Engineer: 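Structure in structure tokens, see below.
Values in this document were obtained by computation on a predicted structure and should not be read as measured data. Naming: A, B, ... by sequence-line order, numbering from 1 per chain.
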Protein chains: 2
Amino acid sequence: MRNLVPFVKAMKKPPRADAQRNLDSLLEAAKAVFAESGVDAPVREIASRAGVGIATVYRHFPQRAELIAAVYRREIDACAAAAQALAREHEPFEALTRWLHRFTSLIATKRGLAASLNAQDPAYQAVPAYFREHLEPALQSLLGAAAAAGRVRNDVDAYELLRGIGSLCIPVSEVGPGYTRRMVDLLIDGLRYGARAAP
Amino acid sequence: MRNLVPFVKAMKKPPRADAQRNLDSLLEAAKAVFAESGVDAPVREIASRAGVGIATVYRHFPQRAELIAAVYRREIDACAAAAQALAREHEPFEALTRWLHRFTSLIATKRGLAASLNAQDPAYQAVPAYFREHLEPALQSLLGAAAAAGRVRNDVDAYELLRGIGSLCIPVSEVGPGYTRRMVDLLIDGLRYGARAAP
DNA sequence: TCAGTACCGGAACAACGTTCCGTATAACCC
DNA sequence: GGGTTATACGGAACGTTGTTCCGGTACTGA
């Protein structure tokens with residue numbers, strides 16, 4: 001039988017029951033508050049909705065960005081996972097555009113998420129980091145496949161494209177509905193301009 | 001001789017000499033502070049640099065956006081004026097791209113300006129308004145000429161393009177130098193995709 | 001049941017935008 | 001030049017946020 005000591009050492013004690021309860025209601029409250037007031041909602045509002053003190057929020061999430069990432073983790077992971085399915089079911093360019101549109105609505109439908117993704121404030125830095133870590137590989141492969149098929153140019157960096165679309169998802173005043181979609185499509189058409197089949 | 005009364009009535013009294021002095025040092029101070037700390041710099045910092053009280057700032061510029069617009073008014077106007085010269089000296093598509101790049105650097109080189117251009121806070125609303133009023137007509141004519149020449153598609157709205165580029169100018173972390181330029185060029189290539197000569 | 005400690009809540013501090021009001025002074029008239 | 005008035009001034013004060021600190025609470029394990 002293998003020596004279990006290293007595993008036992010690596011295991012950390014489970015958190016206290018009340019701490020876990022608080023964490024759960026915190027995530028639930030944050031999700032609700034983010035939905036109705038945007039991700040910049042005051043910490044106090046999230047805390048009071050969760051029925052906990054302010055310090056409890058900071059104890060679990062020293063940086064606001066970690067809370068944001070935790071709330072949207074599932075959706076981000078699902079978006080990343082969708083890339084493989086799309087690649088199987090569609091030809092490369094179609095898969096790419098469908099995924100980019102999915103990514104767009106992931107970001108654009110959460111009020112303030114796009115803005116926080118692009119914020120300079122160091123408290124938000126973990127948000128783009130989480131996005132990069134999970135979504136860049138997904139886009140990378142779709143982009144590579146479409147380029148190999150000669151449907152898009154091959155000189156565009158996946159992460160930069162991710163950030164560019166993220167910027168275009170920031171809501172803007174005085175524009176008609178569908179603005180974000182039109183701009184993202186324009187960027188996608190830019191990908192197609194000058195595409196050449198691989199030699 | 002024409003009746004001068006309506007004109008006299010329309011003329012407003014010149015401001016008090018000290019008020020004008022304060023306005024001047026305020027603009028100068030704001031320009032300096034914006035350059036070194038970005039356009040989000042605290043009002044107190046601008047006031048103290050100008051040697052005036054906080055209330056004086058608010059008296060002249062009730063909305064922060066008005067101060068921003070006032071500081072950059074000259075550069076915005078110059079950018080608008082450049083459109084005509086470019087249209088004279090270059091063929092339509094070349095004129096369009098040169099102008100878009102000029103617009104890009106106007107925005108991207110002022111720290112925080114792009115972000116304030118896209119902010120949702122109503123206190124910043126006058127910034128996009130000023131940009132729209134002065135720059136949309138300029139872009140409109142360049143875009144129309146390039147579309148008429150069949151060099152770019154004709155289904156893109158000038159104001160939306162302005163806002164899209166504005167969003168892409170928001171600085172982003174973890175990307176290499178030239179990111180903004182690459183994204184703007186990608187958008188421009190999108191304009192070219194599917195262009196048809198006018199019938 | 002009881003000790004020890006992990007965890008809690010809210011007061012407290014700092015930074016900022018914004019408003020208010022008593023005071024100072026430039027402009028005008030005589 | 002001197003007095004009067006409207007204009008403009010400055011900074012204190014208030015409300016809202018992010019963030020930290022600390023005295024107290026209550027869960028866990030024996």
Engineer: From OH of Tyr124(A) over to P of dT19(D), roughly how many Å is that when rounded to an integer?
Structural biologist: 9 Å
Engineer: Counting only side-chain N and O atoms of Asn22(B), is one of them less than 4.0 Å from OP1 or OP2 of dC9(D)?
Structural biologist: yes
Engineer: Produce the list of close N/O pairs, under 3.5 Å, pairing protein atoms with atoms of nucleotides 21-30 of chain D; give distances to one decimal.
Structural biologist:
residue : atom : partner  : partner atom : Å
dT28(D) : OP1  : Ala17(A) : N            : 3.1

Engineer: Any Lys/Arg nitrogen of Glu36(B) or Arg49(B) sitting under 4.0 Å from an Asp/Glu carboxylate oxygen of the other?
Structural biologist: yes
Engineer: Are the charged groups of Arg163(A) and Glu174(B) less than 4.0 angstrom apart, N to O?
Structural biologist: no
Engineer: Evaluate whether atom CD of Glu91(A) has more than 12 neighbouring non-hydrogen atoms of other residues, nucleotides or ligands under 6.0 angstrom away.
Structural biologist: yes
Engineer: Check whether any side-chain N or O of Arg64(A) sits under 4.0 Å from OP1 or OP2 of dG18(D), and answer yes or no.
Structural biologist: yes
Engineer: Please list, in 5' to 3' order, the outermost nucleotides of DNA chain C lying under 4.0 Å from any heavy atom of chain A.
Structural biologist: dA6(C) to dA12(C)
Engineer: Which distance, rounded to the nearest 0.5 Å, do you find between the CD1 of Ile165(A) and the OG1 of Thr180(A)?
Structural biologist: 11.0 Å
Engineer: Do NZ/NE/NH1/NH2 and the carboxylate oxygens of Arg192(A) and Asp189(A) come within less than 4.0 Å?
Structural biologist: yes
Engineer: Please assess Leu23(B) against Gln20(B) for the test side chain to side chain contact (heavy atoms under 4.5 Å, CB included), listing each intermediate value before the final yes or no.
Structural biologist: CA-CA 5 Å; Leu23(B) 180 61; Gln20(B) 182 63 49; 4.1 Å; yes
Engineer: Quick one: on DNA chain C, does Gln20(A) or Pro42(B) contact a more 5' nucleotide (nearest heavy atom)?
Structural biologist: Gln20(A)
Engineer: If you assign each of Arg44(B) and Thr56(A) to its closest nucleotide in DNA chain C, which residue comes earlier from the 5' end?
Structural biologist: Thr56(A)
Engineer: Determine yes or no for a side-chain-to-main-chain donor-acceptor pair under 3.5 angstrom, with His134(A) supplying the side chain and Tyr130(A) the backbone.
Structural biologist: yes
